[in-house]
Visitor: 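The structure follows.
Read the numbers this way: they start at 1 and go in the same order the structure lists the ligands and their atoms.
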Amino acid sequence: MSVNKEIKKVTTNTLQKMKANGEKISMLTAYDFSFAKLFDEAGLEVILVGDSASNVMAGHETTLPITLDQMIYHAQSVIRGTHRALVIVDLPFGSYQGNSEVALASAIRIMKETGAHGLKIEGGEEIEDSVKKIVSAGIPVMGHLGLTPQSIYQFGTYNVRAKEEAEANKLKKDALILQNAGCFGVVLEKIPASLAKEVTESLTIPTIGIGAGGYCDGQVLVMHDMLGINSEFKPRFLRQYLNLAENIKGAVQQYIADVKSNDFPNEKESY
Ligand code: KIV
C-alpha cells in the first residue's frame, strides 16, 4: 500500500494541541463516501459518523433504531473517502448501555471492521466503566453530555439541558469523570453557553459544542442541517450555510422539464 507522506493526518494529539494553542476545532457529521471526501478535501479536522444517520439517512424520528451493523456500513463508506480527517463513530443505542463487556465488544467491532480512528459514547458517570474498558483496549473515546439524543424518551423534549443547578452540577462532575476515565474529548450538546465555558475551562481535553455557545474548543453540526438539505429544521443554534434543498429541487425540476421537452439529451450529449 502506498502512503501519501504529504498528508498530515489529524489525530487525537492534534486536537489536544489545538486546545492548548487556542485553535478552534471544526467537526461535521458525514455518513457516506462522497460527502466525507468533500469534507476531508475542504480541510475539516474531524468527521463524526453520527447516529443521527438514523434521522437524516434512514428517516427515523429518533436515533434509537439504528443498529451497530448499520453504523459500521456508514463508517466504512466514510473511511473510504477520508485521508486526513480524524473519523469518530457513534456507538449506537443498545450497543453499550449497562454492560462494559458488551460496550468493549461493540467498540472492537467498529474499530476492526471500519478502520475508524475513535468512538463517541453518550452519558457520564453511568458509562465510566465502559469508557475505561474501551480506552484500556487502546481505542480513543469521545464523551457526549447535555442533550444526549439516545435518552430522548427520558428527557421528553429536545429543549436546552442543564439550565437548573442540580443538572448543571451533575454535568460538570460527569465531564471530569469522562476526562479521568480517559476520554480524549467531549461533545456538549444544547446547554447554556456559560456552563459550556465553565466545563471547557475546567477540562484539559477539548470540548466540542453543538448549541453550547462559542466558548467550546470546537463546534460540530449535522451536515444535513448546515447544508440546508433538511431545511425544515431551524433551531436557534444552527447556522445554515447553503440552501441545498431548494437547489436540488430546482435542478431536478429542470431535469424533468428537459426530459419531457426532449431538450435532454441534445446532439452533443449523444454518441
Ligand atoms: O449523531 C450526531 O449527529 C451527534 C452530533 C449531534 C454531535 O451526536
Side-chain angles (χ1 to χ4, degrees), residues 15 24-32 35-36 39 44-68 70-75 77-78 85-97 106 110 114 116-124 127 131 140-152 155 157-162 171 174-175 178 183-191 196 199-200 205-213 216-227 229-230 233-240:
L15 305 188
K24 297 279 184 171
I25 299 162
S26 59
M27 170 161 150
L28 284 173
T29 66
Y31 317 96
D32 71 355
F35 277 105
F39 295 175
L44 192 75
E45 276 105 21
V46 188
I47 295 180
L48 172 66
V49 184
D51 59 356
S52 50
S54 180
N55 310 105
V56 296
M57 300 301 289
H60 293 295
E61 213 171 288
T62 72
T63 58
L64 276 70
I66 199 159
T67 65
L68 187 57
Q70 287 164 341
M71 288 302 296
I72 287 172
Y73 166 78
H74 286 296
S77 310
V78 165
L86 185 77
V87 177
I88 303 301
V89 183
D90 265 335
L91 274 181
F93 178 70
S95 72
Y96 64 94
Q97 286 92 343
S106 303
I110 293 183
T114 72
H117 312 126
L119 305 169
K120 178 165 79 60
I121 317 187
E122 294 184 8
I127 57 152
V131 172
V141 176
M142 179 174 254
H144 184 156
L145 296 171
L147 178 65
T148 45
Q150 292 178 17
S151 305
I152 187 59
F155 297 149
T157 75
Y158 285 97
N159 291 345
V160 177
R161 303 302 313 175
L171 190 145
D174 280 343
L178 291 176
C183 281
F184 72 86
V186 57
V187 165
L188 300 175
E189 180 163 355
K190 249 187 152 179
I191 62 170
V199 172
T200 300
I205 57 172
T207 60
I208 310 288
I210 172 164
C216 295
D217 298 305
Q219 298 292 327
V220 58
L221 287 173
V222 170
M223 58 159 282
H224 288 66
D225 302 340
M226 66 84 74
L227 294 177
I229 299 172
N230 179 17
F233 184 65
K234 289 191 189 299
R236 173 186 167 137
F237 70 78
L238 176 65
R239 188 174 295 178
Q240 201 181 299

Visitor: Answer yes or no: is there a side-chain heavy-atom contact under 4.5 Å between Met57 and Gln70?
Guide: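 No, side chains not in contact.
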Visitor: Sort out for me which residue in His144, Lys120, Gln150, His74 forms a side-chain hydrogen bond (donor to acceptor under 3.5 Å, both in side chains) with Asp90.
Guide: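 So, applying the side-chain hydrogen bond (donor to acceptor under 3.5 Å, both in side chains) to Asp90 and each of His144, Lys120, Gln150, His74, only Lys120 qualifies.
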Visitor: Measuring from non-hydrogen atoms of Glu122 to any atom of ligand 1, is the shortest distance under 4.0 Å?
Guide: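 Contact absent.
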Visitor: Closer than 4.0 Å to some heavy atom of Val222 - which atoms of ligand 1 meet that?
Guide: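 Reading through ligand 1 atom by atom, the close ones are 3 (O).
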Visitor: To check your reading of the model: name the closest protein heavy atom to atom 4 (C) of ligand 1, its residue, and the distance in Å.
Guide: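 Answer for atom 4 (C) of ligand 1: Leu48 CD2, 3.6 Å.
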Visitor: Counting both backbone and side chain atoms, is some N or O of Lys120 under 3.5 Å from an N or O of ligand 1?
Guide: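 Yes, since at least one N or O of Lys120 sits under 3.5 Å from an N or O of ligand 1.
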Visitor: I'd like to know if the side chain of Gln240 pairs up with that of Lys234 as donor and acceptor (distance under 3.5 Å, no hydrogens or angles considered).
Guide: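 Indeed, the side chains of Gln240 and Lys234 share at least one donor-acceptor pair under 3.5 Å.
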Visitor: Distance under 4.0 Å to a non-hydrogen atom of Thr29: what atoms of ligand 1 satisfy this?
Guide: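 With Thr29 as reference, the close atoms of ligand 1 come out as 3 (O).
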Visitor: Answer yes or no: is there a side-chain heavy-atom contact under 4.5 Å between Tyr73 and Thr67?
Guide: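 Heavy-atom side-chain distance check fails, nothing below 4.5 Å.
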Visitor: Under a 4.5 Å cut-off applied to non-hydrogen side-chain atoms, are Phe93 and Asp51 in contact?
Guide: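 They are not in side-chain contact.
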Visitor: Could you tell me, atom by atom, which parts of ligand 1 come under 4.0 Å of a heavy atom of Asp90?
Guide: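 The atoms of ligand 1 under 4.0 Å from a heavy atom of Asp90 are 1 (O), 2 (C), 8 (O).
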Visitor: Side chains of Met27 and Met142, heavy atoms from C-beta outward: is any pair under 4.5 Å?
Guide: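 Yes, close enough: below the 4.5 Å cut-off.
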Visitor: Is Tyr31 close to ligand 1, meaning an N/O of one under 3.5 Å from an N/O of the other?
Guide: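 No, no N or O pair falls under 3.5 Å.
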Visitor: Taking only heavy atoms of Ile210, which atoms of ligand 1 are found under 4.0 Å from at least one of them?
Guide: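 In order of numbering, the contacting atoms are 6 (C).
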Visitor: Starting from atom 2 (C) of ligand 1, which protein heavy atom do you reach first, and at what distance in Å?
Guide: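 Nearest neighbour among protein heavy atoms for atom 2 (C) of ligand 1, to 0.1 Å: Ser52 OG, 3.3 Å.
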Visitor: At a non-hydrogen distance cut-off of under 4.0 Å, which region of Asp51 contacts ligand 1 (side chain, backbone, both, or neither)?
Guide: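 Within the 4.0 Å criterion, Asp51 contacts ligand 1 through backbone and side-chain atoms alike.
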Visitor: How are the rings of His224 and Phe35 set relative to one another: parallel (under 30°), tilted (30 to 60°) or perpendicular (over 60°)?
Guide: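 Taking Phe35 first and then His224, their aromatic rings sit tilted (interplane angle of 30° to 60°).
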Visitor: What atoms of ligand 1 come closer than 4.0 angstrom to any heavy atom of His144?
Guide: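 So the answer, numbered in order with elements, is 8 (O).
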Visitor: Write down the atom of Leu221, the atom of Arg239, and the distance for their closest heavy-atom approach.
Guide: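 Heavy-atom minimum between the residues: CD1-O, 4.1 Å.
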